[in-house]
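See below for the structure under consideration.
Within every chain, numbering begins at 1; the chains are lettered A, B, ... in the order of the sequence lines, protein sequences first and strands thereafter.
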There are 2 protein chains.
Amino acid sequence: MPHRMRPTEELRYLILAAQREGNRLLLQALRPLGITPSQAEVIRILQDHQPLALNSLGDLLVCESGNSPSRLVDRLTSAGLVDRQISAFDRRHVELTLTEEGRRLAGQITAIEEDLYRSIDAAVEGRDTDQITGFLRAFVADLPAGRALARRIAS
Amino acid sequence: MPHRMRPTEELRYLILAAQREGNRLLLQALRPLGITPSQAEVIRILQDHQPLALNSLGDLLVCESGNSPSRLVDRLTSAGLVDRQISAFDRRHVELTLTEEGRRLAGQITAIEEDLYRSIDAAVEGRDTDQITGFLRAFVADLPAGRALARRIAS
DNA sequence: CGCAAATAGATTACGCGACATATATGCCAC
DNA sequence: GTGGCATATATGTCGCGTAATCTATTTGCG
């Protein structure tokens, strides 16, 4: 006799499960590069938007509430992938740019992400994308991560 | 000039954003109870399935890959919400049950989850649920978190 | 019976992710 | 310029989440 979980509760856990598994897949795929999914997000953002202040990076990050990506970036600078430079105009700002090595990695990340997108596309197959994205957009519309993503798409 | 993020990439980040924000909402709503969303999931599972071995709990958890919920449960036992008892038949097993206090909390958690489900329902409003759950089910079907959820629904 | 393999769980290490707080810099009013 | 407020970043703490390794216990095979 099933517990007959209600649809909304199942949906909640499906979102959790999908995020967890997507992250795990990406984690394993990125392992050879020595970086994590969150670090990869930073690198991809910098590739498209450098130079960028820590602050503005936080505004574009979905993986974090944006309060303090400094530690996330710390690991990338110690790994020699990101360059930090204090702004000449406002010494509170830190200008972030990719290093040569970081730019090289960015390309490899793109290729790895392709595999993930193929998995997602396979699951979307035969369904109405707009129903799915419409629901998710509505859910996160007024929340920090949703706004970060909106900025990413718009910029 | 928008970057025109491709739909699949947006979908990937929408799932990430939805999970993060849902978790944040739940985290804040549960704060007065002194527990976290993951801890709440354990309590709710125990409410429906106790007594349960640590191992079997892991098989039902979506929030964790199931390898080692021992730390998660540790905090619940130190908080006096869960009782650990070594099985008489197999001393490798630990039987978990809710304490009186744990049972009391389980009810409060259910009420708090209702609020989250209302937010989700509001975003689903006017869309085809089957398109959404169908996609997510397909994506996680053969992965640990998806199987955990399937067990939850079936049991 | 005896020993190897399997199983349950604990422990450890590392990197987030959320939150609160601290410090440093800029800026504006006066 | 100085006081006060806002902004940019750094730091500390807690609880996951993943994975690897370790220990204890049971089981299975001879």
*Residues in salt bridge (Lys or Arg N to Asp or Glu O under 4.0 Å) with B/R92, at least two apart?*
B/D90
_Same cluster (ILVMFWY, side-chain, under 4.5 Å), A/I43 and A/L27_ = no
_Between P of C/dG17 and CG of B/L16, the distance in whole Å_ = 8 Å
*Pull out every stem in DNA chain C, meaning runs of 3 or more consecutive Watson-Crick or G-U wobble pairs with both distances under 3.5 Å.*
C:1-30 with D:1-30
*Nearest 0.5 Å please: distance from the CG atom of B/L98 over to the CD atom of B/Q50.*
4.5 Å
*Interface with DNA chain C, restricted to residues 137-144 of chain A and to heavy atoms under 4.0 Å*: none
*Under 4.5 Å between side-chain heavy atoms, hopping through other hydrophobics if needed: is there a path connecting A/L76 to A/I112?*
yes
*Does any non-hydrogen side-chain atom of A/V140 lie less than 4.5 Å from one of B/L14?*
yes
*For B/L61 and B/I45, run side-chain contact (heavy atoms from CB on, under 4.5 Å): C-alpha distance rounded to whole Å, both residues' side-chain angles, the deciding distance at 0.1 Å, then the answer.*
CA-CA 8 Å; B/L61 276 177; B/I45 290 178; 3.7 Å; yes
Where do N or O atoms of nucleotides 3-5 of chain C meet protein N or O atoms at under 3.5 Å, pair by pair?
none

*Do the charged groups of A/E41 and A/R152 touch, with an N to O distance under 4.0 Å?*
yes
*Do the non-hydrogen side-chain atoms of B/H93 and B/I86 ever get within less than 4.5 Å of each other?*
no
*Please list, by residue number, the residues of residues 22-30 of chain B whose heavy atoms come closer than 4.0 Å to an atom of DNA chain C; answer none if no residue qualifies.*
B/R24, B/L27, B/Q28
Find every protein N or O atom lying less than 3.5 Å from an N or O atom of nucleotides 13-16 of chain C, and list the pairs.
from, atom 1, to, atom 2, distance (Å)
C/dC16, OP1, A/T36, OG1, 2.6
C/dC16, OP2, A/Q39, NE2, 2.4
C/dC16, OP2, A/R75, NH1, 3.4
C/dC16, O5', A/R75, NH1, 3.2

*First and last nucleotide of DNA chain D touching chain A, 5' to 3', heavy-atom cut-off 4.0 Å?*
D/dA6 to D/dA19
*Quick one: which residue pairs count as a salt bridge (Lys or Arg N to Asp or Glu O under 4.0 Å) with a foot in residues 61-76 of chain A, not counting sequence neighbours?*
A/D74-A/R84
*With A/R44, which residues qualify under salt bridge (Lys or Arg N to Asp or Glu O under 4.0 Å), at least two apart?*
A/E113
*Just by modelled atom types, is the A/V62 backbone N or O under 3.5 Å from a matching donor or acceptor in the B/R20 side chain?*
no
_Gap between atom OG1 of B/T77 and atom CG of B/L96 - 0.5 Å precision_ = 9.0 Å
*asked:* Donor-acceptor check, side chain of B/E21 to backbone of B/A18, threshold 3.5 angstrom: yes or no?
replied: no
*Electrostatic pair A/R118-A/D121, nearest N-O below 4.0 angstrom*: no
_Gap between atom CD1 of B/I15 and atom CD1 of A/I120 - 0.5 Å precision_ = 5.5 Å
*Do the charged groups of B/E9 and B/R6 touch, with an N to O distance under 4.0 Å?*
no
*Under a 4.5 Å cut-off applied to non-hydrogen side-chain atoms, are B/L81 and B/I35 in contact?*
yes
*Mind listing the residues from residues 106-114 of chain B sitting with a heavy atom below 4.0 Å of DNA chain D? Number order is fine.*
none
*asked:* Does anything in residues 125-137 of chain B form a side-chain hydrogen bond (donor to acceptor under 3.5 Å, both in side chains)? List the pairs, not counting sequence neighbours.
replied: A/E10-B/R137
_I'd like to check A/L149 versus B/M5 (side-chain heavy atoms, cut-off strictly below 4.5 Å). Are they in contact?_
yes
_Donor-acceptor contact below 3.5 Å, side chain B/Q28 vs main chain B/L25_ = no
*Which distance, rounded to the nearest 0.5 Å, do you find between the CG of B/D59 and the CG of B/L54?*
10.5 Å
*When rounded to the nearest 0.5 angstrom, what is the spacing between CG in A/D83 and CD in A/E100?*
11.5 Å
*Could you identify which residues of residues 77-96 of chain B place a heavy atom less than 4.0 Å from some atom of DNA chain C, listed by residue number, or say none?*
B/R84, B/R92, B/H93, B/V94
